[in-house]
Amino acid sequence: MDARGGNSSGDINLNSPNKGLLADAMTDVPVDNAARGAAPEGLTLAEEEELRAELAKVEEEIGTLRQVLAAKERHCGELKRKLGLTPLDGLKQNLSKSWHDVQVSNAYVKTSEKLGEWNDKVTQSDLYLSASSTLEDWNEKLTQSEAYKKTQETLSQAGQKTSAALSNVGSVISRKLGDMRNSATFKSFEDRVGTIKSRVVGSRENSTDGLHSPSGAGDKPPQDNAPF
């Protein structure tokens, strides 16, 4: 049939008198339930609606708290910048606070108490006291032995001899230098050096005077008065 006669190949004729029934049928379809799907197992529709409302509220609160936290962090950064605090100072403060928290923690306190108890038990044990006494006896016997005393005396004498030898070497060197300066050869050498120095200085002075005082002229240089 054509478009005026009704349906053709399953098409809907908008001019058909049954178009109101189609609109009513589409209105009765539960759009929300169809799009959302069935409620989770064990929950009614009312409980699901309540949970969804609570979830939306919590998510909104989380977003608000994030914005407040970001604003607080910016304000904290500005205050630190004005006070001249660097990130290194903040790291030091965090480490100090962390160490303080560790020290006041129950685990640290219990561990310290246990270590103190173990130390007391070890130092008060018979084995520790016996070992300490044995070490003290060995030390006393070693320092009182003839070998120890002879070794100490030998080292002391060697140090004294070394100091005396170094002092004698210094004295000999000083005496040799003095004898050398007082010898005739050294004095003759000094005289020759002084003579050579005086000759060099005198020759320099003569050459300088010759340059500043040219022969056959006065204080003023000669002038050419010939006419052009």
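Values below: all heavy atoms of this structure, side chains included; hydrogens, waters and symmetry mates excluded. From a predicted model like this one, the values you see are computed outputs, not experimental measurements.
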Taking C-beta and beyond as the side chain, do [X] and [Y] meet within less than 4.5 Å on heavy atoms?
{"X": "Ser145", "Y": "Lys141", "result": "no"}
{"X": "Val109", "Y": "Val104", "result": "no"}
{"X": "Glu48", "Y": "Arg52", "result": "yes"}

Measure from the side-chain N and O atoms of [X] to the backbone N and O of [Y], and report whether any donor-acceptor pair falls under 3.5 Å.
{"X": "Glu136", "Y": "Ser133", "result": "no"}
{"X": "Ser156", "Y": "Gln152", "result": "no"}
{"X": "Thr123", "Y": "Asp120", "result": "yes"}
{"X": "Ser163", "Y": "Gly159", "result": "yes"}

> Can you hop from Leu177 to Val169 via hydrophobic side chains spaced under 4.5 Å?
Replying inline: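 Cluster IDs for Leu177 and Val169 match.
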So does [X] have more than 12 non-hydrogen atoms from other groups sitting under 6.0 Å from [atom1]?
{"X": "Glu61", "atom1": "CD", "value": "yes"}
{"X": "Glu47", "atom1": "CD", "value": "yes"}
{"X": "Gln103", "atom1": "CD", "value": "yes"}

>> List the residues meeting ring pair (Phe, Tyr, Trp, His ring centres under 6.0 Å) with Tyr148, not counting sequence neighbours, and say none if there are none.
In response: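 With sequence neighbours excluded, Tyr148 shows a ring pair (Phe, Tyr, Trp, His ring centres under 6.0 Å) to no residue whatsoever.
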To the closest 0.5 Å, what do you measure between [atom1] ([X]) and [atom2] ([Y])?
{"X": "Lys72", "Y": "Leu65", "atom1": "NZ", "atom2": "CG", "answer": "12.0 Å"}
{"X": "Lys150", "Y": "Thr154", "atom1": "NZ", "atom2": "OG1", "answer": "9.0 Å"}
{"X": "Asn94", "Y": "Lys92", "atom1": "CG", "atom2": "NZ", "answer": "12.5 Å"}
{"X": "Leu83", "Y": "Glu78", "atom1": "CG", "atom2": "CD", "answer": "12.0 Å"}
{"X": "Asn106", "Y": "Thr111", "atom1": "CG", "atom2": "OG1", "answer": "10.5 Å"}

What pair of heavy atoms forms the shortest contact from [X] to [Y], and how long is it?
{"X": "Lys149", "Y": "Gln144", "value": "CE-O, 3.8 Å"}
{"X": "Gln124", "Y": "Leu129", "value": "O-CD1, 4.1 Å"}
{"X": "Thr151", "Y": "Ala147", "value": "OG1-O, 2.7 Å"}

>> Under the rule for side-chain contact (heavy atoms from CB on, under 4.5 Å), what residues qualify as partners of Arg74, not counting sequence neighbours?
In response: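 With sequence neighbours excluded, Arg74 shows a side-chain contact (heavy atoms from CB on, under 4.5 Å) to Ala70, Ala71, given in chain and number order.
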>> Before you tell me yes or no, could you show the steps for Leu135 and Asn139 under side chain to side chain contact (heavy atoms under 4.5 Å, CB included), namely the whole-Å CA-CA distance, both residues' side-chain angles and the distance that decides it to 0.1 Å?
In response: CA-CA 6 Å; Leu135 291 175; Asn139 185 32; over 6 Å; no
> Do any pairs count as a salt bridge (charged side-chain N to carboxylate O under 4.0 Å, His left out) and have a residue in residues 94-119, sequence neighbours left out, and if so which ones?
Replying inline: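 Residue pairs with at least one partner in residues 94-119: Lys97-Asp101.
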